[in-house]
2 protein chains.
Amino acid sequence: MSVNRKTKSFKLIMDVFNENKNAISAIYLVDQFSNKMNKTTVYRILDRLENDGILHSFIDKQGLKRYAKDSDDNSITHPHFLCQDCGISTCVKVNITLPDISEYNIKSSEHLLIGTCKDCLSN
Amino acid sequence: MSVNRKTKSFKLIMDVFNENKNAISAIYLVDQFSNKMNKTTVYRILDRLENDGILHSFIDKQGLKRYAKDSDDNSITHPHFLCQDCGISTCVKVNITLPDISEYNIKSSEHLLIGTCKDCLSN
DNA sequence: ACTACAAATGCAACTGAATTGCAATAAGGG
DNA sequence: CCCTTATTGCAATTCAGTTGCATTTGTAGT
């Protein structure tokens, strides 16, 4: 019973995340591969990859859905950094200590840090 | 030179945030006031209130823009809690200690905690 | 290698939040 | 009360993302 067929489209998208540790927006990939595959395909592959636990997603400040590859040293709650200047979004490998709030039962969390990255600072 | 006219629409929306400390989605207000004002008006009033520093906004897990009133004891970086069950979103009055990441210059941050609120836990 | 069947894709139409342009309305200072 | 201009309504538009359905394509089993 195959759950994930290694199609051309699948491989193309997987390659991007293997070569790039940044959080990439769905719409960017749609654009990037507009001549290789349909946009619906991009969204569905990303969906599958997330359901399989290979990618994780979050919604950035502009409301765009971004995906990044899960790696072993990514803890459950790790923040994402979004550079205002170049738009590059990276997973920050730092644990955020969640405040202990007795009134709530917290199951997951999203942390988005917005600012300027090293590259843009030096330009 | 008046910058903020006290229109009926403005007052209606302001009242909501004065009576409710929760983070309310723009679309909820559009819906709520659909017979009192145009949806464009709702969006524009929210925009103005944010620019004037009276409200602040963030984008929730569903990609909806939510607004909440700024209060004095809201520090710059305070998290928002979103209840998966009832959908109510509240500003959590706890400081999140930002990790010190030397590679980035962090200007602002968004923290979204997702789980179940006290009311929903007891039901 | 062939077949059959489920998974994956393409296409076109659709959804739903948010935005824009422009004409009409109304707040409030003088 | 008048005049300026901030604010609003309306309709059309944008844009990311989704859905239904017919077609194609992997791949497991023979």
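Here is how names work: the chains are called A, B, and so on, in the same order as the sequence lines, proteins then strands, and each is numbered from 1.
A:I45 and A:M37 get closest at one heavy-atom pair: CD1-SD, 4.5 Å.
As a whole-Å value, the separation of A:N51 CG from C:dA7 P is 14 Å. The CD1 atom of A:I13 sits 12 Å away from the C1' atom of C:dT9 (whole-angstrom rounding). At whole-Å resolution of the value, OH in B:Y28 and P in C:dA18 are 15 Å apart. Atom-to-atom, CG of A:L46 to C1' of C:dA8 comes out at 14 Å; the value is rounded to the nearest Å. When rounded to the nearest whole Å, the span between CD1 of A:I45 and P of C:dA7 equals 16 Å. Going from atom CG of A:L29 over to atom P of C:dT9 covers 14 Å, rounded to whole Å. Rounding to whole angstrom units, CG of residue B:N38 and C1' of D:dA11 are separated by 10 Å. Here D:dG9 presents its C1' atom at 17 Å from CZ of B:F33, a figure rounded to the nearest Å.
No hydrogens or angles were tested; on distance alone, nothing pairs the side chain of A:R5 with the base of C:dA8 as donor and acceptor under 3.5 Å.
Other residues, nucleotides and ligands place more than 12 heavy atoms under 6.0 Å from the CZ atom of A:F33.
In terms of modelled atom types and a separation under 3.5 Å, the side chain of B:R66 and the main chain of B:A23 share a donor-acceptor contact.
The side chain of B:T41 contributes an N or O atom lying less than 4.0 Å from OP1 or OP2 of D:dG9. Phosphate proximity of D:dT7 to B:N4: present, with a side-chain N or O under 4.0 Å from OP1 or OP2. Between C:dA26 and B:T7, no contact under 4.0 Å exists linking OP1 or OP2 to a side-chain N or O.
In this structure, a donor-acceptor pair under 3.5 Å is present between the side chains of B:T90 and A:Y104.
Under the 4.5 Å side-chain heavy-atom criterion for grouping Ile, Leu, Val, Met, Phe, Trp and Tyr, A:L113 is not connected to A:I88 through any hydrophobic cluster.
Cluster partners of A:L82, by chain and number: A:F58, A:L112, A:I114. The rule joins Ile, Leu, Val, Met, Phe, Trp and Tyr whenever side-chain heavy atoms lie under 4.5 Å apart.
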Just list the side-chain donor-acceptor pairs under 3.5 Å for residues 10-18 of chain B, sequence neighbours left out, or say none.
| from | atom 1 | to | atom 2 | distance (Å) |
| --- | --- | --- | --- | --- |
| B:N18 | OD1 | B:K69 | NZ | 2.5 |
| B:N18 | ND2 | B:M14 | O | 3.3 |

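Qualifying side chain to side chain contact (heavy atoms under 4.5 Å, CB included) partners for B:N105, counting only residues two or more places apart in sequence or in other chains: A:T116, A:L121, B:K107. In this structure B:K61 satisfies the salt bridge (charged side-chain N to carboxylate O under 4.0 Å, His left out) test together with A:E110, sequence neighbours excluded.
Overall, the helix from C:dA1-D:dT30 to C:dG30-D:dC1 carries an axis bend of 40° between its ends, with five pairs at each end and the value rounded to 10°.
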| field | Protein proximity profile, nucleotides 12-23 of chain D - base contact B, sugar-phosphate-only contact S, no contact -, cut-off 4.0 Å on heavy atoms | value | ----SBBBB---
